[in-house]
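Scroll down for the structure; my scribbles are underneath it.
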Amino acid sequence: MKHDLFNIRLDITDRTGVLNKCGGFFQSDNTRTLFFLNAHCFNIAQTDSEYRKAINGSDLLLNDGIGISLACRLIGIKPFENLNGTDLIPEIISFAEKKGISVYLLGGKDGVAVKAAERIKDNIPGLHIAGTGSGYFSKDREAEIIHSINESKAGLLVLGMGVPKQELWARENRRLLKNVRLIIAGGAILDFMSGKVKRAPIWMRKMRFEWLYRLWLEPDRMWRRYITGTFLFFYYLLKLRITSLQGKNISTASMNTFKN
């Protein structure tokens with residue numbers, strides 16, 4: 001079910017609900033999209049209107065991380081659970097295998113998607129991986145990439161291109177994909193699944209400190225996202241909250257004037 005998280009339309013559900021939705025998507029005749037919203041994505045959405053349109057137009061937009069949980073609770077929304085892509089996407093891929101849906105992996109640097117495919121096959125031997133491709137391709141190769149996906153007849157497309165490129169690409173090209181029934185934008189998911197980037201220990205994941213582990217692993221790349229980005233995130237929340245309250249006050253005053 002969609003809820004307004006200020007200027008973003010977020011789905012509040014749980015893992016079972018997500019898998020049920022995916023089952024319906026796999027049986028449909030249309031190409032659907034599933035995206036994730038974390039604090040970094042929220043920040044980008046405040047300054048990139050096209051990205052905001054893309055995520056608001058998604059069929060499923062899921063809460064990822066403690067920041068979004070806090071933002072939801074600030075306005076009275078209670079998420080059922082944390083639905084981060086690193087944990088959930090492998091579950092969806094496994095679910096696709098049970099439904100006989102083939103998968104195409106598109107993302108990461110050269111060789112990352114291939115390595116991810118090998119490791120996924122080790123864990124899910126019955127899965128048909130229809131194709132793989134690097135996420136670093138030029139605009140003039142886009143038609144070739146789309147042709148490859150269509151020729152593969154994959155029903156599930158997992159993107160690992162980074163935010164906002166992957167969501168904008170999915171929005172722009174979803175109608176050109178003939179057999180794909182679900183596109184998932186997974187950020188660094190192929191880096192994780194290939195083993196290129198290590199995940200935090202389980203205890204850190206349970207405490208929602210995986211961001212701290214990534215900051216430790218890649219300080220030069222991640223410090224802006226997790227340090228500067230955290231302050232920016234709370235700035236946007238405060239700004240949007242004040243705007244929301246002012247809007248309600250104006251609306252209430254207008255109604256009282258009308259009644260009088």
Side-chain angles (χ1 to χ4, degrees), residues 1-3 5 8-38 41 54-66 68-69 72 77-107 113 116-117 119-132 149 152-161 163 166-167 170-171 174 177 179-194 199 202 205-206 208 210:
M1 182 178 178
K2 294 283 185 183
H3 289 262
L5 179 60
I8 296 175
R9 300 281 288 158
L10 184 68
D11 289 277
I12 302 300
T13 184
D14 57 14
R15 276 174 165 71
T16 300
V18 171
L19 293 178
N20 286 340
K21 277 280 190 181
C22 290
F25 295 160
F26 291 147
Q27 294 177 355
S28 74
D29 295 325
N30 301 311
T31 303
R32 310 301 182 105
T33 55
L34 188 162
F35 302 153
F36 295 88
L37 181 75
N38 58 29
C41 301
I55 61 176
N56 280 337
S58 65
D59 296 284
L60 275 177
L61 180 64
L62 304 177
N63 59 291
D64 177 357
I66 192 169
I68 298 302
S69 294
C72 286
I77 300 173
K78 294 182 180 180
F80 295 111
E81 57 183 303
N82 179 37
L83 297 172
N84 71 83
T86 316
D87 289 324
L88 190 56
I89 292 173
E91 290 186 36
I92 296 174
I93 291 174
S94 180
F95 180 73
E97 185 271 330
K98 292 180 176 64
K99 296 294 181 180
I101 303 296
S102 58
V103 180
Y104 196 107
L105 307 177
L106 181 63
R119 289 169 64 104
I120 293 169
K121 284 286 288 181
D122 288 340
N123 293 321
I124 314 173
L127 178 70
H128 175 51
I129 296 182
T132 62
I149 296 169
S152 77
K153 298 187 176 354
L156 172 61
L157 172 62
V158 178
L159 302 178
M161 301 175 178
V163 178
Q166 58 194 7
E167 290 83 5
R171 180 189 182 211
R174 63 189 293 179
L177 301 172
N179 305 293
V180 172
R181 292 296 167 258
L182 177 60
I183 305 172
I184 301 177
I189 184 62
L190 299 183
D191 288 331
F192 285 118
M193 298 187 83
S194 68
R199 292 204 64 185
I202 293 176
R205 297 183 219 167
K206 289 182 177 179
R208 297 195 181 184
E210 189 158 16

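Inter-residue side-chain proximity for Ile92 and Val18 is flagged as met; some heavy-atom pair is nearer than 4.5 Å. For the pair Phe95/Cys22, a side-chain contact is recorded, criterion being any heavy-atom separation below 4.5 Å from C-beta on. The closest side-chain heavy-atom distance from Leu88 to Leu62 is below 4.5 Å. Counting heavy atoms from C-beta on, the side chains of Leu60 and Lys21 come closer than 4.5 Å. Side-chain contact check for Leu182 versus Thr31: every heavy-atom pair is 4.5 Å or farther apart. For the pair Leu156/Val180, no side-chain contact is recorded, criterion being any heavy-atom separation below 4.5 Å from C-beta on. Contact annotation: the side chain of Leu127 approaches that of Val103 to within less than 4.5 Å [non-hydrogen atoms, C-beta and beyond]. You'll find the side chain of Leu10 reaches within 4.5 Å of the side chain of Leu37, heavy atoms only.
Heavy atoms only, all atoms of each residue included: Pro90 and Ile189 are closest at CD-CD1, 4.3 Å. In terms of heavy atoms, Asn63 sits closest to Ser69 at ND2-OG, 4.4 Å. Nearest heavy-atom pair across Ala54 and Glu167 is CB-O, 4.1 Å. Counting all heavy atoms, side chain and backbone alike, Ser58 lies closest to Phe35 at CB-CD1, 3.5 Å. Ala170 and Leu159 make their closest contact through CB-CD1, 4.1 Å (heavy atoms, listed as atom of the first residue, atom of the second, distance). Across all their heavy atoms, Ala154 and Ser102 have their closest contact at CA-OG, 3.2 Å.
To the nearest 0.5 Å, atoms CZ (Arg15) and CG (Leu19) are separated by 9.0 Å. Atom CD1 in Ile12 sits 11.0 Å away from atom CD in Glu81 (nearest 0.5 Å). The distance from atom CD1 of Ile68 to atom CG of Leu83, rounded to the nearest 0.5 Å, is 12.0 Å. Distance check: Thr33 OG1 to Gln166 CD gives 11.5 Å after rounding to the nearest 0.5 Å. Residue Arg32 holds its CZ atom at 9.5 Å from CZ of Arg181, rounded to the nearest 0.5 Å. A distance of 13.0 Å separates CG in Asn179 from OH in Tyr104, rounded to the nearest 0.5 Å.
In this structure, Lys2 does not pair ionically with Asp59, as no charged nitrogen and carboxylate oxygen lie closer than 4.0 Å.
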side-chain contact (heavy atoms from CB on, under 4.5 Å) assessment of His3 paired with Arg9: CA-CA 6 Å; His3 289 262; Arg9 300 281 288 158; 5.7 Å; no

Passes side-chain contact (heavy atoms from CB on, under 4.5 Å), Met1 versus Asp11? Steps please. CA-CA 5 Å; Met1 182 178 178; Asp11 289 277; 6.0 Å; no

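Within 6.0 Å of atom NZ in Lys121, more than 12 heavy atoms from other residues, nucleotides or ligands are found, so the atom counts as buried in its surroundings.
Side-chain N or O atoms of Asn84 include none that pairs as donor or acceptor with a backbone N or O of Asp64 at under 3.5 Å. A donor-acceptor pair is defined here as one N or O able to donate and one able to accept, closer than 3.5 Å; such a pair exists between the side chain of Ser152 and the backbone of Ile149. Side-chain N or O atoms of Asn82 include one that pairs as donor or acceptor with a backbone N or O of Gly65 at under 3.5 Å.
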